[in-house]
Amino acid sequence: MNMDTLAELNKKGYLEESIDPTLDLFAEIEKLKKEKNAIVLAHYYQEPDIQDIADYIGDSLGLSQEAAKTEADVIVFAGVHFMAETAKILSPEKTVLLPDLKAGCSLADSCPPHLFRKFKEKYPDHLVITYVNCTAELKALSDIVCTSTNAVQIVESLPKDQKIIFGPDKNLGAWVAKKTGRDLVLWNGACMVHEIFSREKITKLKERHPNAKFIAHPECEESVLQMADYIGSTTGLLKYSIQNEAQEFIVATESGIIHQMEKANPNKTFIPAPPNNSCACNDCPYMKRNTLEKLYLCIKNGLPEVNVPADIIVRARKPIERMLEISAGLGL
Ligand code: 13P
Ligand code: SF4
């Protein structure tokens, strides 16, 4: 890699190289995966082409489990930065690549570690549970990490009198507090994609589709969750769409999950829940920074790479491993 390309990468966060338009990117990526002993892990929020080329597609928990056990030399993480960091923390000896380094997360950004450290100091007798959607530095300040699949069970695994700080997502935290009956101290963070759904527009949509089930991710606001027939992680929502007999579903989460829902249920209809603005979509601008072209260049050039400082790896690994142990014990 020459210095010009590296400088360019640093500026843009991703490699920009002209790609022969006649190239079959699917075939090329498959070839490169074999050549480099690389695995592509993709979150459900990635664009359909990326989901289709991935070796594993899943939610945040499934992706961490997969990153911890893979034997590949290179993990190409088609997701966002905190997910690639988690993979690096769990498999520090492997090369972890992210097609676009600017694939961040509004929720992770809503909790700067220096402010969280001060917040934590106010509650010295509290245990800290952090949602995986946060920086590696924040995980290093935590006792246990959780995802939306296991947050309720992780809180329930602790003694009833254990005082708990939950961050950074206040909506997920409030939902977990309600489900477990625990009084959690919440950090005031949120995801821009899940906070945008309009209760009013969803009500109108439900009137037009009276037989549709309304399903929502727990990162949505309480007022939206109150309307839901089912609340769950992306994997939970996908399973519900398969197991429930309804033929129509209004889906309040990032639109990428609809690709897997439609593949699993070709005869059912999935309607993205309407947001609060004139935009008809509910795409995560960070997740959607990754494209098939960037994925191809990333695997071909072995860049951009995600690294985590060694001391953070040591401290952040414990709370993530604790989550994986509890989840394994519960069969999650
Ligand atoms: P899950 O993968 O746990 O469903 O969470 C969704 C999400 O917001 C990831 O950024
Ligand atoms: Fe972050 Fe929200 Fe995008 Fe998930 S959907 S990566 S929480 S901004």
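Whatever order the structure lists them in is the order used to number ligands and atoms, beginning at 1. Since the model is a prediction, treat every value here as computed from it, not as a measurement. Basis for what follows: all heavy atoms, side chains included, without hydrogens, waters or symmetry-related copies.
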Protein residue, atom and distance nearest to [atom], heavy-atom basis:
atom: atom 2 (Fe) of ligand 2; result: Cys191 SG, 2.3 Å
atom: atom 1 (Fe) of ligand 2; result: Cys105 SG, 2.4 Å
atom: atom 7 (S) of ligand 2; result: Asn133 ND2, 3.2 Å
atom: atom 8 (S) of ligand 2; result: Ser106 OG, 3.3 Å
atom: atom 3 (Fe) of ligand 2; result: Cys284 SG, 2.4 Å

- Task: Taking all non-hydrogen atoms of both residues into account, name the closest pair between Leu332 and Gln65 and its distance.
- Result: O-NE2, 3.2 Å

Under a 3.5 Å cutoff, is there a donor and acceptor pairing between the side chains of [X] and [Y]?
X: His209; Y: Glu248; value: yes
X: Thr130; Y: Ser142; value: yes
X: Gln247; Y: Asn211; value: no

Would you mind running through ligand 1 and noting each atom that sits below 4.0 Å from a heavy atom of [X]?
X: Ser148; value: 1 (P), 3 (O), 4 (O), 5 (O)
X: His217; value: 1 (P), 4 (O), 5 (O), 6 (C)
X: Ser233; value: 4 (O)
X: Tyr131; value: 5 (O)
X: Glu219; value: 6 (C), 7 (C), 8 (O)
X: Thr234; value: 1 (P), 2 (O), 4 (O)
X: Asn133; value: 7 (C), 8 (O), 9 (C), 10 (O)

- Going by the angle between their ring planes, with limits at 30° and 60°, are His43 and Tyr45 parallel, tilted or perpendicular?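 The rings of His43 and Tyr45 stand perpendicular, inter-plane angle above 60°.
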
- Item | Plane angle bin for Phe270 and Phe249 - parallel if under 30°, tilted between 30 and 60°, otherwise perpendicular | parallel

- Query: Is the count of non-hydrogen atoms from other residues, nucleotides or ligands lying under 6.0 Å from Glu35 atom CD greater than 12?
  - Reply: yes

- Item | Asn10, CG: over 12 other non-hydrogen atoms inside 6.0 angstrom |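 Enclosed.
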
Do [X] and [Y] touch side chain to side chain, with heavy atoms closer than 4.5 Å?
X: Cys134; Y: Phe82; answer: no
X: Lys178; Y: Leu225; answer: no
X: Arg322; Y: Val145; answer: no

- Message: Assess the residue pair Thr235 and Leu61 against the criterion (side-chain contact (heavy atoms from CB on, under 4.5 Å)); give the C-alpha distance rounded to whole Å, side-chain angles, the decisive distance to 0.1 Å, and a yes or no.
- Response: CA-CA 9 Å; Thr235 298; Leu61 177 63; over 6 Å; no

Check [X] against ligand 1 and report side chain, backbone, both or neither, counting heavy atoms closer than 4.0 Å.
X: Met83; value: side chain
X: Tyr286; value: neither
X: Leu61; value: neither
X: Tyr45; value: side chain

- Message: Test your reading of the structure: does Ser60 have an N or O sitting under 3.5 Å from an N or O of ligand 1?
- Response: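 Min N/O separation from ligand 1 is below 3.5 Å for Ser60.
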
- Query: Does Thr235, backbone or side chain, put an N or O under 3.5 Å from an N or O of ligand 1?
  - Reply: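 No; every N/O pair is 3.5 Å or more apart.
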
- Would you call Glu219 a ligand 2 contact, heavy-atom distance under 4.0 Å? yes

- Is the shortest distance from a heavy atom of His43 to ligand 1 less than 4.0 Å?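 So His43 counts as touching ligand 1.
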
